[in-house]
Undergrad: 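The structure is given below, and queries will be raised subsequently.
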Amino acid sequence: QVQLAESGGGLVQAGGSLRLSCRASGGTFSVYGMGWLRQTPGKEREFVAAISRSGGTTYYTNSAKGRFTISRDNAKNTVYLQMNSLKPEDTAVYYCAARGLSIGGAMTIPQNYDYWGQGTQVTVSS
C-alpha cells in the first residue's frame, strides 16, 4: 500500500505561481498512474490533472490546460503540479492520488483512484 504526502500549498496572489509536490512511500511508485484533484467546501472533489506511469501521457481538465503542468520523477517517487497564472477560482484543497491501472480517461474520474494524500491548501487572493 502506498502512502502519499503533499506539500507546496500556500497563499498566492492572482497571476502568481505555485508548485505542488507529492511524495510516495511504501509501494512501487512507477506502477501507479498519478493524479491531482481538488475540492472546495460544499463541492465534490474534481479532477485537475493526471499522468501515466511512465510520464508519457498527461491529462488535464479544461480549466487547467495551458496553465498547469503535471510531471513525475520516478527515481524520486514524486509527482509535481506546476500551477501558473493562478486565479481565485483555483482556491481549493489539492489532493494527490494514485491509481493502480492508469488507463486513459478513467484517470479523470475521482472515484477511480485507489490511494489519496491528506491534501494541501491553495489559496489565491484577488
Side-chain angles (χ1 to χ4, degrees):
Q1 183 170 344
V2 64
Q3 290 83 45
L4 304 172
E6 303 95 336
S7 62
L11 173 64
V12 64
Q13 289 188 331
S17 298
L18 282 174
R19 188 175 83 152
L20 305 183
S21 300
C22 171
R23 193 172 192 284
S25 60
T28 305
F29 181 67
S30 60
V31 305
Y32 294 99
M34 299 298 297
W36 286 98
L37 302 97
R38 66 188 181 188
Q39 189 170 23
T40 54
K43 294 187 177 181
E44 293 187 352
R45 203 165 290 187
E46 66 174 3
F47 169 77
V48 177
I51 189 166
S52 63
R53 288 173 285 186
S54 67
T57 304
T58 56
Y59 309 88
Y60 296 94
T61 190
N62 285 339
S63 63
K65 288 178 182 176
R67 299 189 301 127
F68 294 2
T69 302
I70 188 170
S71 61
R72 67 188 295 163
D73 185 338
N74 285 347
K76 295 183 178 179
N77 291 350
T78 302
V79 62
Y80 305 96
L81 184 68
Q82 177 67 43
M83 303 187 294
N84 299 328
S85 302
L86 282 161
K87 305 175 182 180
E89 51 263 42
D90 294 317
T91 296
V93 176
Y94 282 71
Y95 296 90
C96 167
R99 172 173 164 80
L101 293 175
S102 58
I103 299 175
M107 296 192 67
T108 67
I109 301 171
Q111 291 85 347
N112 286 343
Y113 285 86
D114 303 307
Y115 304 102
W116 293 83
Q118 293 299 307
T120 185
Q121 176 70 46
V122 171
T123 302
V124 184
S125 63
S126 58

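When a residue number appears, it is its place in the shown sequence, counting from 1. What you see is a predicted model; the values in this text were computed from it and never measured.
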Undergrad: Give every residue pair that meets the salt bridge (charged side-chain N to carboxylate O under 4.0 Å, His left out) criterion with at least one member in residues 39-52, sequence neighbours excluded.
TA: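 Every salt bridge (charged side-chain N to carboxylate O under 4.0 Å, His left out) pair that includes a residue of residues 39-52, provided the two are not neighbours, is Arg38-Glu46.
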Undergrad: Could you give all pairs that pass the salt bridge (charged side-chain N to carboxylate O under 4.0 Å, His left out) test and reach residues 70-83, with sequence neighbours left out?
TA: none
Undergrad: Please report, to 0.1 Å, the donor-acceptor pairs under 3.5 Å made by any side chain of residues 14-32, with sequence neighbours excluded.
TA:
{"from": "Ser17", "atom 1": "OG", "to": "Asn84", "atom 2": "OD1", "distance (Å)": "2.9"}

Undergrad: Which heavy atom of Ala50 sits nearest to which heavy atom of Tyr113, and what is that distance?
TA: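 Of all heavy-atom pairs spanning Ala50 and Tyr113, the closest is CB-OH, 3.5 Å.
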Undergrad: Please, which pairs that meet salt bridge (charged side-chain N to carboxylate O under 4.0 Å, His left out) have at least one residue in residues 101-121, sequence neighbours excluded?
TA: none
Undergrad: Minimum heavy-atom separation for Ile51 to Thr58, with atom names?
TA: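 Ile51 and Thr58 have their closest heavy atoms at CG1-CG2, 3.8 Å.
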Undergrad: Can you tell me how far the OG atom of Ser63 sits from the CD atom of Glu89, to the nearest 0.5 Å?
TA: 8.5 Å
Undergrad: How would you list, by chain and number, every residue that makes a salt bridge (charged side-chain N to carboxylate O under 4.0 Å, His left out) with Arg67, sequence neighbours excluded?
TA: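 In terms of salt bridge (charged side-chain N to carboxylate O under 4.0 Å, His left out), with neighbours along the sequence ignored, Arg67 is linked to Asp90.
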Undergrad: Using the side-chain hydrogen bond (donor to acceptor under 3.5 Å, both in side chains) criterion, which residues pair with Lys65? Sequence neighbours excluded.
TA: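 For Lys65, the residues satisfying side-chain hydrogen bond (donor to acceptor under 3.5 Å, both in side chains) (neighbours in sequence not counted) are Asn62.
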Undergrad: At their closest point, which heavy atom of Leu81 faces which heavy atom of Ala49, and how far apart are they?
TA: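 Where Leu81 meets Ala49 most closely, the heavy atoms are CD1-CB, 4.1 Å.
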Undergrad: Could you pull out the closest heavy-atom pair between Met34 and Ala98, with the gap in Å?
TA: SD-CB, 3.6 Å
Undergrad: Enumerate the residue pairs fulfilling salt bridge (charged side-chain N to carboxylate O under 4.0 Å, His left out) with a member in residues 1-17, sequence neighbours excluded, ordered by first and then second residue.
TA: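 Sorted result for residues 1-17: empty, none.
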Undergrad: Can you list the residues that meet the side chain to side chain contact (heavy atoms under 4.5 Å, CB included) rule with Gln1, with sequence neighbours excluded?
TA: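 Gln1 satisfies side chain to side chain contact (heavy atoms under 4.5 Å, CB included) with Gln3, Tyr115 once adjacent residues are dropped.
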Undergrad: Which ILVMFWY residues are connected to Leu11, directly or by a chain of links, through side-chain heavy atoms under 4.5 Å apart?
TA: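 Besides Leu11, the cluster holds no residue at all.
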Undergrad: For a 4.5 angstrom cut-off between non-hydrogen side-chain atoms, does Thr91 reach Gln121?
TA: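 With C-beta onward as the side chain, the pair touches.
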Undergrad: Determine which pairs satisfy ring pair (Phe, Tyr, Trp, His ring centres under 6.0 Å) with at least one residue from residues 54-100, sequence neighbours left out, and list them in order.
TA: none
Undergrad: Listed by chain and number, what are the side-chain hydrogen bond (donor to acceptor under 3.5 Å, both in side chains) partners of Arg99, not counting sequence neighbours?
TA: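 Counting only residues at least two positions away or on another chain, Arg99 forms no side-chain hydrogen bond (donor to acceptor under 3.5 Å, both in side chains).
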Undergrad: With clusters defined by side-chain heavy atoms of hydrophobic residues (ILVMFWY) lying less than 4.5 Å apart, directly or transitively, does Val93 cluster with Trp116?
TA: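 Shared cluster, yes.
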Undergrad: To the nearest 0.5 Å, what is the distance between OG1 on Thr57 and CD1 on Ile70?
TA: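 So the OG1 of Thr57 and the CD1 of Ile70 are separated by 11.5 Å.
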Undergrad: Quick one: OG1 on Thr120 to CH2 on Trp36, what's the gap to the nearest 0.5 Å?
TA: 7.5 Å
Undergrad: Give, for atom CD1 of Ile109 and atom CG of Leu37, the distance between the pair rounded to the nearest 0.5 Å.
TA: 11.0 Å
Undergrad: Examine distances only and state if a side-chain atom of Asn74 and a backbone atom of Arg53 form a donor-acceptor pair shorter than 3.5 Å.
TA: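 Answer holds: yes.
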Undergrad: Using side-chain hydrogen bond (donor to acceptor under 3.5 Å, both in side chains) as the criterion, list what pairs up with Gln118, not counting sequence neighbours.
TA: none
Undergrad: Say you draw a straight line from NZ of Lys87 to OG of Ser126; how long is it, rounded to the nearest 0.5 Å?
TA: 14.0 Å
Undergrad: Please examine the side chains of Val12 and Met83, heavy atoms only from C-beta on, and report whether any two atoms are closer than 4.5 Å.
TA: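 Side chain of Met83 against side chain of Val12, heavy atoms only: no contact under 4.5 Å found.
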Undergrad: Work out which heavy atom in Ala64 is nearest to a heavy atom in Val48; give both atom names and the distance.
TA: CB-O, 4.0 Å
